[in-house]
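A note on names: the letters A, B, ... follow the listed sequences, proteins ahead of strands, and every chain is numbered from 1.
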Protein chains: 4
Amino acid sequence: MPAGRPRDRAVDDAIRLAVFELIAEQGYQAVTMEGIAARSGVAKQTVYRRYSGRGQALVGALTEHGARHIPVPDTGTLAGDLAALLRDTFDSLTAGIGAVLRAVIAETLHDEALAELYRREHVELRRDVVRELLARARARGEIGPADDEFLVDLVFGPMWYRLLIGHAPLTETLARQLAAAVAAAAAIPAD
Amino acid sequence: MPAGRPRDRAVDDAIRLAVFELIAEQGYQAVTMEGIAARSGVAKQTVYRRYSGRGQALVGALTEHGARHIPVPDTGTLAGDLAALLRDTFDSLTAGIGAVLRAVIAETLHDEALAELYRREHVELRRDVVRELLARARARGEIGPADDEFLVDLVFGPMWYRLLIGHAPLTETLARQLAAAVAAAAAIPAD
Amino acid sequence: MPAGRPRDRAVDDAIRLAVFELIAEQGYQAVTMEGIAARSGVAKQTVYRRYSGRGQALVGALTEHGARHIPVPDTGTLAGDLAALLRDTFDSLTAGIGAVLRAVIAETLHDEALAELYRREHVELRRDVVRELLARARARGEIGPADDEFLVDLVFGPMWYRLLIGHAPLTETLARQLAAAVAAAAAIPAD
Amino acid sequence: MPAGRPRDRAVDDAIRLAVFELIAEQGYQAVTMEGIAARSGVAKQTVYRRYSGRGQALVGALTEHGARHIPVPDTGTLAGDLAALLRDTFDSLTAGIGAVLRAVIAETLHDEALAELYRREHVELRRDVVRELLARARARGEIGPADDEFLVDLVFGPMWYRLLIGHAPLTETLARQLAAAVAAAAAIPAD
DNA sequence: CGCTAACCGAGACGGTACGTCATGTCTTGAC
DNA sequence: GTCAAGACATGACGTACCGTCTCGGTTAGCG
């Protein structure tokens, strides 16, 4: 199976960079397949060769950027771990990733295939971290049997709520309160 | 000041109906100013006379539909009230309003003015109900001083998370677990 | 049956002008739906509303331009009439219409529907003139019964041959020789 | 000077075959450099190595196919020779070469270099045959001094006219009428 | 026998144009 | 002034070819 000309890695970078710059400078509306091509100095077809649409481009740029490694905190207590994780997450969302995530969600809302991709490539990785924190706390005897999936929803729900509805910012206070609330909920015996 | 021809109320209904039908039958993608006009047998300009864009049409159709009255449960306990409220809310989301809300959010994500409108016309009304439940519980001595805004986020966060990310359904179990978790969190002294 | 906004006549003119200018200045290659739109300052969709493609636009611009009236010469003899007609025709072809016709033919060669349109709107009108000249000559007793369709082909064939193959120019000499040859052929009894 | 790998003759054939098949099965529109490559199972670059474009490929395939030898009829009279030549020519045009020629002309209409090539490689060869027939007739004393170039145009003009405009087929009747007309015109003293 | 050069398949790449769709504005005539 | 109809400028969509390029992998002939 002959290979043909290999893909140019520099093009991948140019596209990803263009996506981030467009979203930062002109907002999500400006992220358009045509705009990405123009901004990155790449042919439209070349963008389509990598991503089948705006949404795929956003998810692609995102995962290539942030999925490197998600630090798993270890402070000794569940509440401490959760507070540290949330603080870190809030920081990166506030720094700029938040705008990208909002754009990604806007796309997933009318493309279930993309939603599935996004959940697999991004959401589940974050949920796994919390699952691990819960398992560790349980190993320490800090919490008993519980519905971990519900607890994970409890950890991330308010964050997404504020990020997407925009009625309140992602503050450090929220991180602390949430960590405490989840720890308390984890102590409730599962039903 | 001549009055001119009065607006046709039947047109309002036709437009709203078209929005709901389009979203139900063909999904949010199909909700387009042109599509609404075609489906409702109304001129495009006539739709624009009422709503300045897709987002406004969605929010308009939504508030006209559901904002009539939000029943405030009264079971005697905070957890009971919350569970009842969440059950009702989940039911209506699952029944079809969920798809509309997802569409609305998709729009608000790139239109801050619309987001503000939506929060005022829809989100805050729901938050007010929970605020009232919390106030009642406090009056009963069930809970002490607490950060009510955080508790409201705790109530609605996981719901939006599941609705928008789509990783899990809105079950009755979630309503019960969430009510219990919020009640527990409400018992933690505010800091 | 309500009419909607009427078409802007100025737009028609702008489009036709753009077609002629493009063909004159940059050649047939530059006649592109996108180019026409850009040149005429009109939206692409507006061009498509009138013409369904490059070919239709060319034929449209052509018929609107030249089909006003084809002068029918009357010199008293068939050869004189034909020579006058051919001289006029050659003049207009050499002046610029020739380039348009070449473009039109290029299009008709891969669009039979367009070819049919072109024959009806343009070719047959010219053939009719020669048919009339032949009828007049016959009425004068100048010629006998003959296959007029063949004679018409004889009149126009060499012209198209030179125009499309480009091996020789359309000179006055050709007009004279051709007129004489056709007159001679018309005298041959039909078989 | 090392030679490198020699060209694969089978590839030449595959390309030419693809051109003819495409034109026959899907029409001239389908004759595209990419289409030729795909159809012949050859790399695009390999096609470009032989022909610099669609037009070149068409002319190439054509000359490789038909330019072997053009039979020069010899019936004893000019009219007989011309009729025989035209009959043969019409037959081959109707059989399939006509479609190729139409395609070639479409290309030459916006590529003067190609037009020049085509005239040299194809048109002139046919004209030479008629020039020879005229010379022979003159040697026999059948005709006097005349403008042979004009007579050649008279022979081929109607054929191209019908082939390219498509208003009438290339019949045997036309061959006979045309031969007679040209013979008559050849008898007119040159001016 | 190994080197060098051209060939060949595959397919990426920067382009241009295609024809379609939705946007939001406008103009007309009827009511 | 509302309404149905539909033209209009704008701009993105996703596709198709263009002609060039870079790969890896043959074939030759020349040294």
Side-chain angles (χ1 to χ4, degrees), chain A residues 1-11 29-38 40-50 52-54, chain B residues 1-8 10-11 29-38 40-54, chain C residues 1-11 29-38 40-50 52-54, chain D residues 1-8 10-11 14 29-38 40-50 52-54:
Chain A
M1 187 194 310
R5 175 173 171 177
R7 294 211 174 159
D8 188 343
R9 305 283 289 140
V11 162
Q29 298 230 71
V31 180
T32 222
M33 292 300 271
E34 215 139 58
I36 293 169
S40 59
V42 145
K44 218 172 19 156
Q45 182 66 38
T46 301
V47 184
Y48 276 105
R49 207 170 280 127
R50 286 163 171 72
S52 64
R54 192 212 322 244
Chain B
M1 186 196 309
R5 174 172 171 177
R7 287 208 177 165
D8 188 344
V11 162
Q29 297 229 73
V31 180
T32 219
M33 291 302 270
E34 215 138 55
I36 295 170
S40 59
V42 145
K44 224 175 14 158
Q45 180 65 34
T46 302
V47 184
Y48 274 103
R49 208 170 279 128
R50 286 161 172 75
Y51 306 112
S52 65
R54 190 208 329 239
Chain C
M1 186 196 313
R5 174 173 171 177
R7 292 210 174 159
D8 189 342
R9 302 284 290 140
V11 162
Q29 299 230 71
V31 180
T32 225
M33 292 302 271
E34 216 139 55
I36 294 170
S40 59
V42 144
K44 220 173 18 156
Q45 180 67 41
T46 300
V47 184
Y48 275 105
R49 206 170 281 127
R50 285 164 173 73
S52 65
R54 192 211 325 242
Chain D
M1 186 195 312
R5 173 174 172 176
R7 291 209 175 161
D8 188 343
V11 162
Q29 297 230 72
V31 180
T32 212
M33 292 302 271
E34 216 138 53
I36 294 169
S40 59
V42 146
K44 225 175 13 157
Q45 180 65 36
T46 302
V47 184
Y48 274 104
R49 208 170 279 128
R50 285 160 173 76
S52 65
R54 190 209 330 240

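Atom P of nucleotide E:dG9 and atom OH of D:Tyr48 are separated by 16 Å, given to the nearest angstrom. Atom C1' of nucleotide F:dA9 and atom CZ of C:Arg50 are separated by 13 Å, given to the nearest angstrom. We find that CG of B:Asp8 is positioned 8 Å from P of F:dA4, with the value rounded to whole Å. For the pair B:Arg49 CZ and E:dT27 P, the interatomic distance rounds to 14 Å; values are reported in whole Å. Between the CD atom of C:Gln29 and the P atom of E:dA17 there is a distance of 10 Å, rounded to whole Å. When the P atom of F:dT20 is taken as reference, atom CD of D:Glu34 falls 14 Å away, rounded to whole Å. Rounded to an integer number of Å, the gap from C:Arg9 CZ to E:dT27 P is 19 Å.
For E:dA5, the OP1/OP2 oxygens have no side-chain nitrogen or oxygen of D:Arg5 closer than 4.0 Å. Considering only side-chain N and O atoms, D:Ser52 lies nowhere under 4.0 angstrom from the phosphate OP1 or OP2 of F:dG19. For A:Thr32 and F:dG11, the shortest distance from a side-chain N or O to OP1 or OP2 is not below 4.0 Å. OP1 or OP2 of E:dG14 lies within a sub-4.0 Å distance of a side-chain N or O belonging to A:Thr46.
Heavy-atom minimum distance, B:Met33 versus B:Tyr51: CE-O, 3.5 Å. For the residue pair A:Ala43 and A:Ala37, the shortest heavy atom distance occurs at C-CB, 4.1 Å. When all heavy atoms of B:Arg54 and B:Val31 are compared, the pair lying nearest together is NH1-O, 3.1 Å.
Remark: D:Glu34 engages D:Lys44 in a side chain to side chain donor-acceptor pair (under 3.5 Å) (not counting sequence neighbours). Among residues two or more places apart in sequence or in another chain, the side chain to side chain donor-acceptor pair (under 3.5 Å) test is passed with D:Arg50 by D:Asp12.
With hydrogens and angles ignored, a donor-acceptor pair under 3.5 angstrom links the side chain of B:Gln45 to the base of E:dC26. Side chain C:Lys44 to base F:dG11: no donor-acceptor pair is found below 3.5 Å.
Note on C:Gly41: only backbone sugar-phosphate atoms sit closer than 4.0 angstrom, heavy atoms only; bases stay farther off.
Residues D:Val31 and C:Ala43 both approach DNA chain F. Their nearest nucleotides, taken by heavy-atom distance, put C:Ala43 toward the 5′ side. Nucleotides of DNA chain E nearest to C:Gly35 and D:Val42 differ in position, and the one nearer the 5' end is that of D:Val42. Along DNA chain E, the nucleotide nearest B:Gly53 and the nucleotide nearest A:Val11 are compared for position; the residue whose nucleotide lies closer to the 5' end is A:Val11.
When distances are taken from the side chain of C:Met33 to each of E:dG9, F:dT2, E:dC18, the shortest belongs to E:dC18.
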